[in-house]
Amino acid sequence: MLEPLVMKKVTILGTTGSGKTTFLEALFGNIEKNDVARRVFKEVQSNLDFTPLKYNNFTSSTTTISLNVVNSVIVLTRFNKVLIKKFEDRETIDFESIDSAFQVVLSDPAGQERFNFMQEIALKGSDLVIIMADGTNISSMEKILHYLEMVQMEEYRKNRQIPVLVFINKSDLRDRGIYLGKDVAERIVFSSIIDREIVFYETSNLDARCYELPLTIIFNYLAMQAYS
Ligand SMILES: Nc1nc2c(ncn2[C@@H]2O[C@H](COP(=O)(O)OP(=O)(O)O)[C@@H](O)[C@H]2O)c(=O)[nH]1
Ligand SMILES: [Mg+2]
């Protein structure tokens, strides 16, 4: 009865190695990975092609482009609680007993500098942006500013606000003394000219429960939007 469901686009931005893909896997299990490598033929240097890695086992690839997509998630809310279901399991959802339901598409574009264009493309039309930083790496945290600027550009383009969550990841490494924490990230961001409310969360993919609070808040917000 609720089909077709309202669709929300979520994009995850962050430097390589910050834990974006691990985050998606921690939350949603196996995800569709699209890794593409550029193949250089030794014999004919000019002959290049891009081949999906999953169809090919060659080892001499030079460049890898990656875009992971989770496109089969249904987010349900009931009394402000959030439930995440796989799209395949939608028959088991009792739509009478829930307050709202929408489908979510998540994109996780490659974070390497030379693939910035992929992040720009993925960001377009997003309803929510998750910025993930490696909390043990200062340059990964400095990059948060860059992503916030990208979001701001998209907001101007679409003339609407895009909610942003910032995850300072790998908090499990605090014991080892190498986790810098959200204070450092806050200092970087709030000393800049970025003018928006941002909540930072300290997260670890070793314990997916840390995402419960931020996702409950943000998905309830998206649900509210979808039904207003
Ligand atoms: N200690 C720790 N390692 C993590 C965490 N999240 C990811 N990693 C590790 O960091 C590396 C990069 O993670 P990945 O998800 O591939 O990063 P991506 O490039 O942002 O997709 C991998 O070796 C992960 O196992 C975390 O929360 N804690
Ligand atoms: Mg990745």
Side-chain angles (χ1 to χ4, degrees), residues 10-35 37 53 63-70 73 75 82-84 104 106-116 118-119 122-123 126 128-151 162-192 194 196-221:
V10 180
T11 302
I12 306 175
L13 301 176
T15 57
T16 302
S18 56
K20 302 181 296 296
T21 308
T22 311
F23 159 70
L24 286 181
E25 284 171 337
L27 278 194
F28 307 111
N30 282 338
I31 61 171
E32 175 79 2
K33 289 189 186 154
N34 298 290
D35 293 329
L53 282 183
T63 319
T64 310
I65 300 179
S66 153
L67 173 66
N68 304 321
V69 178
V70 175
V73 175
V75 172
V82 166
L83 205 73
I84 295 172
V104 167
L106 296 110
S107 332
D108 161 24
Q112 281 166 286
E113 208 101 3
R114 61 202 160 139
F115 298 133
N116 276 352
M118 297 209 29
Q119 296 180 322
L123 182 61
S126 292
L128 164 67
V129 173
I130 296 173
I131 298 176
M132 185 152 271
D134 180 345
T136 68
N137 182 328
I138 189 76
S139 43
S140 178
M141 302 229 259
E142 283 167 353
K143 225 36 211 281
I144 296 170
L145 275 177
H146 167 73
Y147 296 126
L148 288 171
E149 276 166 17
M150 277 173 65
V151 173
I162 304 169
V164 174
L165 289 176
V166 182
F167 293 154
I168 309 301
N169 196 35
K170 308 196 184 180
S171 66
D172 54 283
L173 296 174
R174 180 177 272 127
D175 298 347
R176 293 224 232 131
I178 52 172
Y179 182 72
L180 299 161
K182 68 174 186 174
D183 296 355
V184 172
E186 281 170 350
R187 230 173 295 143
I188 291 168
V189 171
F190 294 134
S191 67
S192 79
I194 297 280
R196 65 152 67 230
E197 265 183 57
I198 309 166
V199 187
F200 294 79
Y201 295 91
E202 299 191 331
T203 64
S204 164
N205 286 327
L206 299 189
D207 183 5
R209 281 173 307 178
C210 65
Y211 298 113
E212 251 169 51
L213 177 68
L215 293 183
T216 298
I217 294 171
I218 210 71
F219 282 146
N220 270 300
Y221 175 78

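Owing to the predicted nature of the structure, the values given are computational and were not obtained by experimental measurement.
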* Structure fact -> Between R196 and F190, the two heavy atoms sitting closest are O-CE2, 4.4 Å
* State, to 0.1 Å, how close T136 and L173 come at their nearest heavy-atom pair, and which atoms those are. => CG2-CD1, 3.7 Å
* Asked: Where the side chain of S107 meets the backbone of P109, is there a donor-acceptor pair that is under 3.5 Å apart?
  -> no
* Under the 3.5 angstrom rule, does the side chain of N205 hit a backbone N or O of G19 as a donor-acceptor pair? -> yes
* Report yes or no: does T216 contribute a side-chain atom to a donor-acceptor pair with the main-chain N or O of V82 at less than 3.5 Å? => no
* To do: Please name all residues satisfying side-chain contact (heavy atoms from CB on, under 4.5 Å) with D207, sequence neighbours left out, ordered by chain then number.
  => R209
* S18 (side chain) donor-acceptor with A133 (main chain) under 3.5 angstrom -> no
* Taking the side chain as every heavy atom from C-beta outward, state whether V164 and V166 have any pair of such atoms under 4.5 Å apart. => yes
* To do: Could you list the residues that satisfy side chain to side chain donor-acceptor pair (under 3.5 Å) with Y201, not counting sequence neighbours?
  => none
* Has the side chain of K20 got a donor or acceptor atom that lies under 3.5 Å from a matching backbone atom of L13? -> no
* Are F23 and F28 close enough that their ring centers fall under 6.0 Å? -> no
* Asked: Between the main-chain N or O of I168 and the side-chain N or O of Y179, is there a donor-acceptor pair closer than 3.5 Å?
  -> yes
* Could you give the distance from CD (E149) to CD1 (I144), rounded to the nearest 0.5 Å? -> 12.5 Å
